[in-house]
Each structure stands twice: as C-alpha cells, then as structure tokens.
Amino acid sequence: MTLPSDQYGALAFSMRGISKSFGSVCANEQIDFMVRQGEIHALLGENGSGKSTLMNVLSGVYRPDCGSLEVFGKQRFFHSPGDAIRCGIGMVYQHFKLAESLTATDNIMAGLSRTQIADAIRSVRQAADSDGHEDKTAAPIRSSGYRKNWKSDLVRRFASRFHVEFDPDKPASQLSVSEKQSVEIIKVLIRGAKILVLDEPTAVLTPQETKRLFGVLRNMRDRGCSVVFISHKLGEIMELCDRVTVLRKGRSVDTLVVSEVDTYDLVERMVGHKVELEIARPDPNPEHEECLRVDSLSYLDEKGVRKLSGVSFSTFYGEILGVAGLAGGGQKELCEVIAGIIRPDGGAIAVDGESITGLSPRSISAKGVSMCFIPEDRLGMGLVASMGMVENVLLKEYAFQKGIFIHSDAARSKSEQIVEELDILTPSISHPVRLLSGGNIQKVILGREIHLKPKLMIAAYAVRGLDIQSSYTIYRLLNEQKARNVSVLYIGEDLDVLMALCDRILVLCQGENMGIVDARNTTKIELGQMMSGTKLEVLRSGVDYVSNR
C-alpha cells in the first residue's frame with residue numbers, strides 16, 4: 001500500500017487493521033485508512049466493498065472487532081456517535097436528517113451545548129478580528145441585551161466563514177436540495193467537526209450546485225479541515241480530491257495520489273480487472289414511430305401540492321428518452337401516472353394511439369399494452385423483499401394464468417434464465433431478494449421486466465447506488481431493449497450518463513417540462529440551467545431546438 005505523501009500535513013486520523021464482521025459475513029478485513037489534515041480524500045469501492053461499514057466505525061456507529069483508531073494523534077475507542085462528534089468527526093449522509101417544519105437555524109442549533117455555542121461565537125469573532133472588522137454577531141449567551149435573532153445571525157456568519165449561503169430563517173421544507181445539504185454541513189461544523197465525511201453528496205445536485213459544493217469543500221480544506229469524499233462518480237473524484245483509497249471485497253487495495261492516476265487505473269484496482277468505461281449509444285430507429293404520447297398531464301398529490309403541470313411529450317420505438325430534474329421535480333409522479341399507479345388530475349396518456357389514462361396497471365396489461373415499470377423504490381414497490389425470484393416473477397403474471405391453480409414451472413424456468421443471462425449472484429432462485437446486494441436486486445427486477453417483452457419500458461433511477469460494474473451492465477441491457485425496438489423512458493440523476501446513453505433528454509422543473517434536447521447537442525450547463533427553471537426556448541432564443549413532439 002502506498003504510504004501517505006509528505007506534502008500533506010499531519011494525520012487527521014488513522015485506522016489500522018480494522019476488521020468488522022456481521023455473523024459469517026466479513027465486511028472489513030484488516031483495512032488501513034489514513035487521512036491527512038487539510039486534504040480531500042476519496043474513498044472508492046464497489047457496493048459491498050466495505051465503505052459504509054468502515055465509515056460507521058469511524059463515526060462511532062459500529063465498534064470494530066479488531067484494529068486501532070487514532071484521531072489527531074490520540075488513541076480513541078468510540079462507544080457511540082456522540083463520542084466521534086466530540087472528537088471532531090462529523091458525517092453528512094446522502095439522505096438528509098432535517099426536521100422539515102423547523103427553520104434552518106433551529107435545525108442547526110438543536111442540541112448544541114452552551115460550550116459549543118460559545119465556541120461558535122468565539123470562532124466567528126476571531127475570524128472577524130483577523131479581517132480587521134468588529135463583529136457584534138452575538139453578545140455573550142448570559143447577557144440579557146442580545147438581539148432576538150442572534151441565533152440566525154450566528155448561523156449566517158458562521159456559514160459565511162466557509163462561503164456557504166442559505167436563508168437561516170427559512171423552514172427546511174422550503175429549502176432546495178443544495179441548501180439542505182449546506183445546512184447539514186454547517187450543522188456538523190458548528191459542533192466542532194474538523195473531519196467531515198460526505199456520502200454520495202452530489203447524487204441529487206445540478207452541475208451548478210455541485211460546483212458550489214466543491215468550492216465549499218476546497219475552502220474547508222484550505223482552513224485545515226479533512227474531507228472524506230465517498231462517490232461512484234470518478235470524474236468528480238479526479239476533479240476534486242487530493243488522494244484516493246480503494247477498497248475491494250472488504251480490504252484496502254491501495255492509496256494513490258489522484259493527479260498520478262486516471263479513471264481506468266481506479267476502476268481496475270476497484271474491480272480487480274479492466275472494465276470498458278464507454279457507454280454505447282446505438283443510433284435510434286430512424287422511422288420515429290410514436291409509442292407513448294403524453295398530453296397536458298397534471299397531478300396534485302394528497303396534500304394538494306401540484307407535482308405535474310401540463311406536461312406533454314412523446315417517446316418513439318427504438319430510442320431512449322431520458323428525464324432529468326432535481327429531486328422532487330415530478331419525475332417519480334410522472335412514472336407512476338404513466339404506469340397507472342396513481343391517477344392524473346388532467347391530461348391524456350396513450351400507447352400506440354390507445355388511451356390508458358387513469359387505468360390500473362392490471363387494466364393496462366389486460367388491454368394488450370405491454371409496458372413494464374422499474375420503480376425508484378425497488379423493495380418497496382418493485383419486489384416483495386421476503387420472497388425469492390420465483391415468487392416475484394409469479395406475482396407479475398399470476399393474474400393472467402388460466403384456471404384456479406398457480407403454475408410455477410414457467411416462473412421457475414424464467415428465473416433460472418434471468419440468473420444465467422444477467423449473472424445474478426444468489427444462493428438459489430428461492431433465496432429472499434432482500435438478502436441480495438443492491439446490484440443483484442436491480443438485475444432481478446430488470447430481468448423480470450425484460451422477459452415480459454415490453455413495448456414501453458420505464459426505468460426510474462435504474463443505477464442509483466450501484467457500483468460501476470453493475471451500472472454498466474444495466475446500460476447494456478437498456479441498449480439491448482432499444483435495439484429490439486422497445487421504447488425506453490429512462491429517469492436518471494447523473495447528467496454524464498444521460499448525455500451518453502440517451503437519444504433525447506426531457507428536463508422537468510417543479511413538475512413542468514422545460515424542454516427536450518438532443519443528447520448529442522447539449523451540455524451539462526444547459527441541462528443544469530433548465531433543471532433550475534429556465535425554459536429551453538429562453539436559453540436558445542432564436543435557435544432551433546428539439547420540440548416536445
């Protein structure tokens with residue numbers, strides 16, 4: 001293993017010989033992981049490589065079976081996350097943990113001790129003094145003369161030290177995804193964190209928001225903080241990080257200086273062999289035969305909040321139409337309305353010219369419309385977690401079997417075929433799907449839907465949380481469906497993938513269609529502007545563009 005370079009500062013923390021098992025499964029085996037002060041250090045590995053377990057050991061969630069942990073030169077034994085926080089370690093999870101009804105300030109200040117508040121005030125004043133400006137952000141906590149909104153002032157000025165901006169008085173429910181992430185970061189930093197762990201932090205950010213986050217992280221690094229950056233996006237690691245530690249099958253493989261390697265080197269170390277990183281994009285069917293038509297689709301949720309507003313577009317056979325947008329932009333509702341899971345409040349949906357508006361999934365199938373839906377929530381909506389593959393295949397088909405008896409032979413044969421074709425790792429086709437890895441769960445549901453021989457395939461976040469090898473398998477399968485003249489509607493988060501895989505990209509913002517672009521002739525900046533609410537015709541005033549045919 002490559003030793004840390006001398007060009008960086010002293011160690012912020014070192015984990016040596018860390019092992020952690022859960023029953024017979026060894027998640028971490030003799031892992032060494034060391035991060036220097038004032039560096040951004042990537043932690044890279046496939047799903048199941050042990051990244052999450054290792055970070056849970058660092059943050060005090062798990063106790064290691066063996067190994068040692070030193071933080072800022074002192075031996076530490078964490079019994080709880082509180083112990084880790086008190087030692088200056090903070091973790092920002094992919095799924096934010098904010099009270100939606102509280103303001104950003106209340107979320108940040110909740111649970112702070114008087115000592116932590118005093119330290120935050122002192123750090124703000126010291127920063128102001130170093131700039132030669134008097135700071136009256138907050139009087140001493142015990143004073144009766146401080147301003148009523150001193151907490152908001154403190155949060156705003158503390159955040160400004162790291163060039164982080166958000167409205168501290170705005171309820172969390174009204175914050176953008178990027179602002180919520182900023183609140184989570186400040187919530188950790190104000191508690192004294194000098195080591196920040198970020199788990200897939202850019203998964204739901206626009207390119208502009210990602211650029212802003214990178215600026216914040218670089219500013220933290222320049223102030224001597226250490227950042228552990230967990231991501232599957234190799235391009236981001238190459239752009240942002242100083243060093244990278246690669247895990248494979250629960251063991252640490254290597255620690256490398258990012259500027260001295262390329263993405264192919266990282267992938268080969270991560271999976272143990274060379275992997276082709278190019279996403280193929282076969283030409284679409286030139287006949288542009290319409291499959292799905294959506295006209296003026298609208299939907300209000302149970303709280304009366306408008307999720308879709310007058311959305312119109314078409315998909316064609318033998319093409320992949322991508323859908324981009326920020327989290328909560330209406331992508332989930334669009335999929336579920338088309339699939340018949342929820343009923344629209346207005347508009348029309350047709351497949352091959354036949355209306356399916358408001359029909360149930362079973363009624364849609366009974367009308368001879370072959371459509372498959374790969375939902376965002378795999379185990380909640382896509383599969384029954386406690387059942388095996390055979391039972392999950394049967395659930396999709398039993399309603400259309402004749403007679404009163406359920407015939408499982410065909411489902412068993414189909415399950416065996418899916419396992420072989422997609423190289424699914426499972427003890428047996430009767431093994432509960434909840435016990436499979438994320439990539440194998442994804443392959444199960446995709447294989448089941450493909451074997452229905454659909455006309456239209458709707459895939460929502462088909463590679464979310466998957467490692468590189470599993471993701472490229474999914475891309476290949478979607479391209480195979482396209483080659484079979486299936487119409488594919490692909491909802492994705494990674495703009496690089498959307499631009500490489502899809503033929504056209506529809507952008508949603510707060511339930512509205514901002515426009516449809518040719519994936520070959522667009523940029524991440526343009527997509528990001530549309531995701532933020534700028535319509536395509538405004539961006540391309542006077543320029544021809546792909547219409548919402």
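Quick caveat: nothing in here was measured; it's all calculated off a predicted structure. Numbers here simply count residues along the sequence, with the first being 1.
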Evaluate the side-chain proximity of [Y] to [X]: yes if any heavy-atom separation is below 4.5 Å, no if none is.
| X | Y | answer |
| --- | --- | --- |
| Tyr93 | Glu200 | no |
| Arg63 | His79 | yes |
| Leu527 | Met499 | yes |
| Met531 | Met514 | no |
| Met91 | Pro81 | no |
| Arg248 | Val271 | no |
| Met238 | Leu266 | yes |
| Leu326 | Glu209 | yes |

Inset, instruction - Taking atom types as modelled, find out whether Ser314 and Glu290 have a side-chain donor-acceptor pair closer than 3.5 angstrom. - result: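 The criterion, which ignores hydrogens and geometry beyond distance, is satisfied for Glu290 and Ser314.
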
Legend entry - Donor-acceptor side-chain pairing of Thr255 and Thr245 below 3.5 angstrom: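 Yes, a side-chain donor-acceptor pair sits under 3.5 Å.
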
Legend entry - ring pair (Phe, Tyr, Trp, His ring centres under 6.0 Å) against Phe214, all qualifying residues, sequence neighbours excluded: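 Partners of Phe214 by the ring pair (Phe, Tyr, Trp, His ring centres under 6.0 Å) criterion come out as none, since no residue qualifies.
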
Inset, instruction - Taking ring pair (Phe, Tyr, Trp, His ring centres under 6.0 Å) as the test, write out the residues that go with Tyr299, two or more places apart. - result: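 For Tyr299 there are no ring pair (Phe, Tyr, Trp, His ring centres under 6.0 Å) partners, ignoring immediate neighbours.
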
Legend entry - salt bridge (charged side-chain N to carboxylate O under 4.0 Å, His left out) assessment of Asp518 paired with Arg504: CA-CA 5 Å; Asp518 186 326; Arg504 296 182 297 145; over 6 Å; no

Look up atom [atom1] in [X] and atom [atom2] in [Y], then write down how far apart they are to the nearest 0.5 Å.
| X | Y | atom1 | atom2 | answer |
| --- | --- | --- | --- | --- |
| Leu213 | Glu236 | CG | CD | 8.5 Å |
| Gln181 | Leu98 | CD | CG | 11.0 Å |
| Leu69 | Ile18 | CG | CD1 | 6.5 Å |
| Arg281 | Ile320 | CZ | CD1 | 9.5 Å |
| Lys307 | Glu302 | NZ | CD | 8.5 Å |
| Asn479 | Leu501 | CG | CG | 5.5 Å |

Legend entry - Residue pair Lys482, Asp503: steps toward the salt bridge (charged side-chain N to carboxylate O under 4.0 Å, His left out) verdict: CA-CA 10 Å; Lys482 172 183 172 181; Asp503 301 295; 2.9 Å; yes

Legend entry - Residues Glu480 and Arg476 bridged, charged N to O under 4.0 Å: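 So Glu480 pairs with Arg476 through a salt bridge.
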
Is there a donor-acceptor pair closer than 3.5 Å between any side-chain N or O of [X] and the backbone N or O of [Y]?
| X | Y | answer |
| --- | --- | --- |
| Asp265 | Val261 | no |
| Glu391 | Gly388 | yes |
| Ser363 | Leu359 | no |
| Glu512 | Gly310 | no |
| Ser21 | Gly23 | no |

What are the two closest non-hydrogen atoms of [X] and [Y], and how far apart are they?
| X | Y | value |
| --- | --- | --- |
| Cys241 | Ala42 | SG-CB, 3.6 Å |
| Asn521 | Glu526 | O-OE1, 4.3 Å |
| Ile338 | Val294 | CD1-CG2, 4.3 Å |
| Val311 | Leu308 | CG2-CD2, 4.3 Å |
| Cys66 | Gln30 | SG-NE2, 3.8 Å |
| Lys51 | Glu46 | NZ-O, 3.3 Å |

Hey, can you pull the donor-acceptor pairs under 3.5 Å for the side chains in residues 339-353, sequence neighbours left out?
unit_1 : atom_1 : unit_2 : atom_2 : d
Arg343 : NH1    : Gly358 : O      : 2.6
Asp345 : OD2    : Leu300 : N      : 2.4
Asp352 : OD1    : Tyr317 : OH     : 2.6
Asp352 : OD2    : Tyr317 : OH     : 3.0
Asp352 : OD2    : Lys455 : NZ     : 3.0

Inset, instruction - Decide yes or no on side chain to side chain contact (heavy atoms under 4.5 Å, CB included) for Leu58 and Leu54, but give the supporting numbers first. - result: CA-CA 6 Å; Leu58 177 65; Leu54 187 66; over 6 Å; no

Inset, instruction - Apply side chain to side chain contact (heavy atoms under 4.5 Å, CB included) to Val57 and Phe78, showing your working. - result: CA-CA 8 Å; Val57 169; Phe78 294 153; over 6 Å; no

Inset, instruction - Go through the steps to decide whether Glu100 and Lys180 satisfy the test side chain to side chain contact (heavy atoms under 4.5 Å, CB included), and finish with yes or no. - result: CA-CA 10 Å; Glu100 294 285 300; Lys180 287 181 178 179; 3.4 Å; yes

Inset, instruction - Determine, stepwise, if the pair Leu198 / Ile230 fulfils side chain to side chain contact (heavy atoms under 4.5 Å, CB included). - result: CA-CA 6 Å; Leu198 292 165; Ile230 304 172; over 6 Å; no

Side-chain polar contacts of residues 484-491 - donor-acceptor pairs under 3.5 angstrom, sequence neighbours left out - could you list them?
unit_1 : atom_1 : unit_2 : atom_2 : d
Asn485 : OD1    : Asn285 : ND2    : 2.8
Asn485 : OD1    : Gly318 : N      : 3.4
Ser487 : OG     : Thr315 : OG1    : 2.8
Ser487 : OG     : Phe316 : O      : 3.1

Inset, instruction - Apply salt bridge (charged side-chain N to carboxylate O under 4.0 Å, His left out) to Glu179 and list each qualifying residue two or more places apart in sequence or on a separate chain. - result: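 Expected list: none.
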
Inset, instruction - Kindly write out the residues that satisfy salt bridge (charged side-chain N to carboxylate O under 4.0 Å, His left out) with Glu29, not counting sequence neighbours, or none if the list is empty. - result: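 Here the qualifying residues are Arg251.
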
Legend entry - Residue from Asn28, Asp32, Leu43 passing side chain to side chain contact (heavy atoms under 4.5 Å, CB included) with Ser252: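 Single pass found, and it is Asp32.
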
